[in-house]
Number of protein chains: 2
Amino acid sequence: MCDNLHIHGLKMPESMDEETRSQLCPVVYAVSKLGGKWKLIVVHNLIDGPLRFGELRRAIPDITQRMLTLTLRELEEDGIVNRHVFEVVPPHVEYSLTEVGQGLESVMSSLGDWGRANFAQKRNAVAQTA
Amino acid sequence: MCDNLHIHGLKMPESMDEETRSQLCPVVYAVSKLGGKWKLIVVHNLIDGPLRFGELRRAIPDITQRMLTLTLRELEEDGIVNRHVFEVVPPHVEYSLTEVGQGLESVMSSLGDWGRANFAQKRNAVAQTA
DNA sequence: AAGTATACTTACAAAAATGTGCCTAAAGCA
DNA sequence: TGCTTTAGGCACATTTTTGTAAGTATACTT
């Protein structure tokens, strides 16, 4: 499953440098980058192509402006999302997945498959018995 | 990507019943079941087979007893983890993935691939330049 | 009789995550 | 002049999550 047994749950404080982090279990590392309430939701919404800040807000009705900003900033820092500012007024900013972010496509799709298979049974049942 | 555009970020309060939930985007649903600091870590550790409570604790050194208990209880409620109590003294309890939980194997492996590819570069680089 | 082992529970405390409300800039348009 | 639009920033408040420390039960061993 993973090279580094027995350290799957280690803390990763700011003080720990990238090199040390990279020696930990990749699953733990991935989880640490994608944790939080909104990160995977935002990535999910960007899979099909770039969206503007406002478009993302409308696509994720329950996210607040603040959380969308924070989430995007963190995804940007981690090299998962690109921020492209058009120097116009009113402002126009587009967010897209980097190559690293695109690499999450199979994660997102298997996550979707799992959700569909295990928790959307009623909807499927209705559709199939019709 | 998903049947239900525009509702990817909806809240899922307790008051919302299973039927309503199942009509939401499967990715959002999956994320809601697997959120939290420890859930995926625990699932990851159970992928290779059942473990006892104490074994899980040792495998995830930074988790507290309390958080392990809480996490396992929630995974159990959601049908992802099985709890098997052996009626002996001292207690012996084994945790394993249900079929639903096993369905997360591809999620875990693509997550691992992504982590390995994007954040463990130094270790790979060292290994490859040697 | 006291200590060991295992899998917890509970009350309380601290920390982290998230939400709210209000404010800004700068150009275009009525 | 003042309203609209877009993408935020900021201070503060609240909620949610996580951690700490202590206690419980019971059979077996020393």
Side-chain angles (χ1 to χ4, degrees), chain A residues 8-16 28 31-43 45-46 50-78 81-96, chain B residues 8-16 28 31-43 45-46 50-78 81-96:
Chain A
H8 291 168
L10 276 182
K11 271 181 201 161
M12 289 203 221
E14 295 299 310
S15 64
M16 190 179 286
V28 173
V31 169
S32 82
K33 289 297 174 188
L34 301 170
K37 195 168 173 180
W38 301 111
K39 286 208 183 144
L40 284 174
I41 305 293
V42 168
V43 169
N45 276 277
L46 291 177
L51 288 179
R52 299 179 61 174
F53 186 85
E55 292 173 325
L56 274 171
R57 271 197 50 163
R58 283 186 289 277
I60 312 173
D62 280 336
I63 203 173
T64 60
Q65 214 169 31
R66 179 177 133 86
M67 286 316 297
L68 182 52
T69 303
L70 290 178
T71 302
L72 287 167
R73 292 285 176 280
E74 285 175 37
L75 290 172
E76 208 192 336
E77 266 187 36
D78 290 333
V81 156
N82 260 325
R83 180 166 183 262
H84 182 13
V85 181
F86 297 82
E87 292 293 352
V88 294
V89 168
H92 180 130
V93 180
E94 268 186 19
Y95 293 92
S96 58
Chain B
H8 292 166
L10 275 182
K11 270 181 202 162
M12 287 203 221
E14 295 300 309
S15 64
M16 191 179 287
V28 173
V31 168
S32 81
K33 288 297 174 189
L34 301 171
K37 194 168 173 179
W38 301 110
K39 287 207 182 146
L40 284 174
I41 305 292
V42 168
V43 169
N45 275 278
L46 291 177
L51 288 179
R52 298 179 60 173
F53 187 85
E55 293 174 322
L56 273 171
R57 271 196 51 163
R58 283 187 290 277
I60 312 175
D62 280 336
I63 203 172
T64 60
Q65 213 170 30
R66 179 177 133 86
M67 285 317 296
L68 182 52
T69 304
L70 289 178
T71 302
L72 287 167
R73 291 285 176 281
E74 285 175 36
L75 289 172
E76 208 191 337
E77 267 187 36
D78 290 334
V81 155
N82 260 326
R83 180 165 184 264
H84 181 13
V85 181
F86 297 80
E87 292 292 352
V88 294
V89 168
H92 179 131
V93 181
E94 269 185 19
Y95 293 93
S96 58

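Reminder, nothing fancy here: chain letters follow the sequence lines and each chain counts from 1.
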How close or far is atom [atom2] of [N] from atom [atom1] of [X], stated in whole angstroms?
| X | N | atom1 | atom2 | result |
| --- | --- | --- | --- | --- |
| B:Met67 | D:dG19 | CE | P | 6 Å |
| B:Trp38 | C:dA16 | CH2 | P | 13 Å |
| A:Leu68 | D:dT6 | CG | P | 15 Å |
| B:Leu70 | C:dT10 | CG | C1' | 11 Å |
| A:Glu87 | C:dA25 | CD | C1' | 13 Å |

If I compare all heavy atoms of [X] with all of [Y], which pair ends up nearest, and what's the gap?
| X | Y | value |
| --- | --- | --- |
| B:Glu94 | B:Pro50 | OE1-CB, 3.8 Å |
| B:Arg83 | B:Val85 | NH1-CG2, 3.8 Å |
| B:Leu72 | B:Val42 | CD2-CG1, 3.9 Å |

Any B:Lys37 side-chain nitrogen or oxygen under 4.0 Å from OP1 or OP2 of D:dT16: no

So, is A:Thr69 close to the D:dG8 phosphate, meaning a side-chain N or O under 4.0 Å from OP1 or OP2? no

Nearest-nucleotide wise, let me know which of A:Pro90 and B:Glu94 is further upstream toward the 5' end of DNA chain C. B:Glu94

Could you check A:Gln65 against A:Pro91 and say which one's nearest nucleotide on DNA chain C is further toward the 5' end? A:Gln65

